[in-house]
*Asks:* 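Before I ask anything, let me first share the structure, which is written out below as structure tokens.
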Amino acid sequence: MANVNDLLEGHVALDIQCLDRIYLNGYVPTLQVSGQVVSFMTRHLGYRIPSPAILEKIGTSFRRSVNSFSEINHVPLIRFGKEDRKIDVMRRYLAAQAKTGRSGVAAIGVAQEYQNVFASTQRQGTNGIPCFGFHKADRRVTCFYFYLWDTDFGPAFVKVCAYFPYPAKVWINGHEWAKRQAVKAGIAFTELSNGFAACEDPQALQEICDRLGPGTIEVFFQRWLAVLPLPLTDHDADAGYWWELSMRQVEISRTLVFDAPRRARGFFEALVADNLDIGRPDSVELIFTGHAPHSRPGRPPVPGLCKTKIVTRDTDVTVNAFYKHSRVKQYLKDGRALRIETVVNSPDDLLATAVWNICPSCRPKPVTSTAGCSILNVSGRAVSLRAQPLSGSRSPRLPRTGRGLRPCGSATPGSWPCSAPYVSALPPSDSPIGACVPG
């Protein structure tokens, strides 16, 4: 039986590696412990007693500002049901915004979700004045999903929790970003569902995919924070109370498009046979860390740390190799391409940190390829090269302009080691929502 290398040779029309779905945490680093909460209310806001009533007032004001934003800008406000799949609910609003050809907030989703926020306890002080303590707890609170259509990134969302310390989430898609950059560069291509099926200049397309880095994503994030209603103000931001990004989940994909669909099926059948044992520790270590995943040196691997799972739905087969919190998934895409996706749910799996460090010596090194490595390892090398630069950013907050808005500009390449690219200010008519600019 032919192996995967025999079936690959001469039959791959396009081979592209690109960041796929990117899901990031937004957090305020100076509001993570109870002492910082007290300092925020007393030293920063000037209250004598740090009371939960102060935080409730901020949250109420934020919820009202979201409602006002929705009404003034005619943005639909949608309340998600318990069983709703959010992207399905929002798809028609995103499509409508995309037809305008302008960046904008397509719709705002409202959901009740459990979040790790600050809860309070009250006790009576010796002088009869009530005292409050603050601690982290999981509470069911209101979250706002701002679904966006961006001229650079396409569909995306920014989620902001309405309860202190206002954790946020950011979701974007690297393939969607790459498509728009290819169009701007005049590179003709044929779309695959969430990818590329053909391209007139594969090398130039790969260079575009490699450009997506933390600076570009940070500019996108800060550009939209300049427009969206937020619980934190200019006064808070100037004092250092502002959001930073860290990695939540990152998918890195490699797509091999075959010259004929029949070859894709034959290749995948051979690949399944070659990779049934990829979940063994001595194979998985080549993909993720280069070190055997032992609990301690000299001890056997931790049970359940590595495994392989073959999933079959109708005639579709998916090969999954799991390692700690992360996995590598292989499957046929649209019946004509092999998609290899590395899903990183914890930067620790790659010996990286969640928050990006600009130090060149901290950049992950590529995994050395050997003849015994399967094609899975190729995607693994892509992860080791790209996961840490993407995982977060400490780029400075964009400067504010008159009337409380920061300049809105297109994100230019911000790949390693640049922490943030140049951002040009655009006139109000080109801002993500023209109506949000007063006047």
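Since this is a predicted model, take the numbers as computed values, not measurements.
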*Asks:* Rounded at 0.5 Å granularity, tell me how far CZ in Phe69 sits from CG in Leu77.
*Replies:*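 Spacing of CZ (Phe69) from CG (Leu77) equals 11.0 Å.
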
*Asks:* For the side chain of Trp243 and the backbone of Tyr166, is there at least one donor-acceptor N/O pair under 3.5 Å apart?
*Replies:* yes

*Asks:* Restricting to non-hydrogen atoms, name the atom on Val141 and the atom on Cys161 that form the minimum distance, rounded to 0.1 Å.
*Replies:*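 Result for this residue pair: CG2-SG, 3.5 Å.
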
*Asks:* Which pairs pass salt bridge (charged side-chain N to carboxylate O under 4.0 Å, His left out) with one or both residues in residues 25-35, sequence neighbours excluded?
*Replies:*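 Salt bridge (charged side-chain N to carboxylate O under 4.0 Å, His left out) check on residues 25-35 returns no pairs.
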
*Asks:* How many angstroms lie between atom CD1 of Ile108 and atom NZ of Lys159, to the nearest 0.5 angstrom?
*Replies:* 15.5 Å

*Asks:* In Å and rounded to the nearest 0.5 Å, what is the OH to CG distance from Tyr114 to Asn116?
*Replies:* 13.5 Å

*Asks:* Does Ile49 have any side-chain contact (heavy atoms from CB on, under 4.5 Å) partners at least two apart in sequence or in another chain, and if so, which?
*Replies:* Ile129, Phe132

*Asks:* Under the salt bridge (Lys or Arg N to Asp or Glu O under 4.0 Å) rule, collect the residues that match up with Arg43, sequence neighbours excluded.
*Replies:*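 Salt bridge (Lys or Arg N to Asp or Glu O under 4.0 Å) check on Arg43 returns nothing, list empty.
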
*Asks:* So, using ring-ring contact (aromatic ring centres under 6.0 Å, His included) as the criterion, who are the partners of Phe221 when residues are at least two apart?
*Replies:*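 Not a single residue meets the ring-ring contact (aromatic ring centres under 6.0 Å, His included) criterion with Phe221.
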
*Asks:* Using a 3.5 Å distance criterion without hydrogens, assess whether the side chain of Asp84 forms a donor-acceptor pair with backbone atoms of Phe80.
*Replies:* no

*Asks:* Within a strict 4.5 Å, meaning less than it, do heavy atoms of the Val89 and Ile78 side chains meet?
*Replies:* yes

*Asks:* Could you pull out the closest heavy-atom pair between Asp152 and Gln181, with the gap in Å?
*Replies:*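 Smallest interatomic distance, heavy atoms only, reads O-NE2, 3.4 Å.
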
*Asks:* Charged N to carboxylate O under 4.0 angstrom, Arg254 versus Asp20?
*Replies:* no

*Asks:* Is the backbone N or O of Arg21 less than 3.5 Å from a side-chain atom of Asn173, with the two atoms forming a donor-acceptor pair by type?
*Replies:*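 Checking the backbone N and O of Arg21 against the side chain of Asn173, no donor-acceptor pair under 3.5 Å is found.
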
*Asks:* So, for Phe40 and Phe164, is the gap between ring centers shorter than 6.0 Å?
*Replies:*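 So the answer is yes for these two rings.
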
*Asks:* Among all residues two or more places apart in sequence or in another chain, which pass the salt bridge (Lys or Arg N to Asp or Glu O under 4.0 Å) test with Arg64?
*Replies:*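 Listed in chain order: nothing, the list is empty.
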
*Asks:* Please collect all salt bridge (charged side-chain N to carboxylate O under 4.0 Å, His left out) contacts where either partner lies in residues 115-140, sequence neighbours excluded, each pair once.
*Replies:* none

*Asks:* List the residues meeting side chain to side chain donor-acceptor pair (under 3.5 Å) with Arg180, not counting sequence neighbours, and say none if there are none.
*Replies:* Glu176

*Asks:* Quick one: CG on Leu45 to NE2 on His235, what's the gap to the nearest 0.5 Å?
*Replies:*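 It is 6.0 Å, given to the nearest 0.5 Å.
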
*Asks:* Heavy-atom count around Gln203 CD within 6.0 Å, excluding the residue itself: above 12?
*Replies:* no

*Asks:* Are there more than 12 heavy atoms of other residues, nucleotides or ligands under 6.0 Å from atom NE2 of His135?
*Replies:*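 Above 12, so yes.
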
*Asks:* Just by distance, do the side chain of Gln222 and the backbone of Glu218 share a donor-acceptor pair under 3.5 Å?
*Replies:*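 Side chain of Gln222 to backbone of Glu218, a donor-acceptor pair under 3.5 Å: no, none is there.
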
*Asks:* I need the Glu341 CD to Tyr331 OH distance, nearest 0.5 Å.
*Replies:* 3.5 Å

*Asks:* Is a side-chain donor or acceptor of Ser61 paired with a backbone partner of Ile58 at a separation under 3.5 angstrom?
*Replies:* no

*Asks:* Test salt bridge (Lys or Arg N to Asp or Glu O under 4.0 Å) on Asp150 and Arg102 and set out the steps.
*Replies:* CA-CA 7 Å; Asp150 188 88; Arg102 296 186 300 108; over 6 Å; no

*Asks:* Which heavy atom of Pro167 sits nearest to which heavy atom of Gln115, and what is that distance?
*Replies:* CG-OE1, 3.8 Å

*Asks:* So, for Leu94 and Pro155, which heavy atoms are closest and what is the spacing to 0.1 Å?
*Replies:*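 Closest approach of Leu94 to Pro155: CD1-CB, 4.1 Å.
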
*Asks:* Just distance, no hydrogens or angles: give the donor-acceptor pairs under 3.5 Å from side chains in residues 225-232, sequence neighbours left out.
*Replies:*
none

*Asks:* Aromatic rings Phe144 and Phe62: how do their planes relate, parallel, tilted or perpendicular, breaks at 30° and 60°?
*Replies:* perpendicular

*Asks:* Can you name the salt bridge (Lys or Arg N to Asp or Glu O under 4.0 Å) partners of Lys86, sequence neighbours left out?
*Replies:* Glu113

*Asks:* Applying salt bridge (Lys or Arg N to Asp or Glu O under 4.0 Å), name anything that partners Glu56, two or more places apart in sequence or on another chain.
*Replies:*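 Testing Glu56 for salt bridge (Lys or Arg N to Asp or Glu O under 4.0 Å), a comparison that skips the adjacent residues, returns Arg63.
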
*Asks:* Phe118 and Tyr163: aromatic ring centres closer than 6.0 Å?
*Replies:* no

*Asks:* Going by the rule side-chain contact (heavy atoms from CB on, under 4.5 Å), which residues pair with Val38 if we only count those two or more places apart in sequence or in a different chain?
*Replies:* Thr42, Pro50, Phe134

*Asks:* Name all pairs fulfilling the salt bridge (charged side-chain N to carboxylate O under 4.0 Å, His left out) condition that reach into residues 65-81, sequence neighbours left out, sorted by first residue then second.
*Replies:* none

*Asks:* Distance-only, no hydrogens or angles: does the Thr142 side chain make a donor-acceptor pair with backbone N or O of Ala162 under 3.5 Å?
*Replies:* no

*Asks:* Could you report the tightest heavy-atom contact between Arg336 and Ala197, atom names first, then the distance?
*Replies:* NH1-CB, 3.9 Å

*Asks:* Between the side chain of Lys333 and the main-chain N/O of Ser193, is any donor-acceptor distance below 3.5 Å?
*Replies:*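 Judged by distance alone, yes, a pair lies under 3.5 Å.
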
